[in-house]
Amino acid sequence: MERMQLMLLVLWSRVTAVWDDPEGFTTAELLGNAALAIAALVAIWGVLRIMGLNIVTMITNKLNAF
């Protein structure tokens, strides 16, 4: 959990640094931020699975209900 918080803090600091930069995102920064976001999502999903919540099954059941 602490590692996930650190990754989110790094992501937030990079985004705010780019907001101050008038040139905007470079391709490398954009890809790096996307990789951090995917890593955060995978970490969150893993923590929820450890807690006993199977998100994929819940989403599938909700979609099948329609």
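FYI, the numbering just counts along the sequence from 1. Any value given below was found using the heavy atoms of this structure, including those in side chains, with hydrogens, waters and symmetry copies removed.
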Roughly how far, to the nearest 0.5 Å, is CZ of R49 from OG1 of T57? 8.0 Å
Count I, L, V, M, F, W, Y as connected when their side-chain heavy atoms are under 4.5 Å apart, and connections chain through other members. Are L8 and V47 then in the same cluster? yes
Should V56 and M58 be counted in the same cluster of Ile, Leu, Val, Met, Phe, Trp and Tyr side chains packed under 4.5 Å apart? yes
Is I59 reachable from W45 through a run of I, L, V, M, F, W or Y residues, each pair having side-chain heavy atoms under 4.5 Å apart? yes
Rounded to the nearest 0.5 angstrom, the OG1-NZ distance for T60 and K62 is 12.0 Å
How long is the span from the CG atom in N54 to the CG atom in N61, to the nearest 0.5 Å? 9.0 Å
Please enumerate all residues that pass side-chain contact (heavy atoms from CB on, under 4.5 Å) together with L48, with sequence neighbours excluded. I44, M51, L53, I55
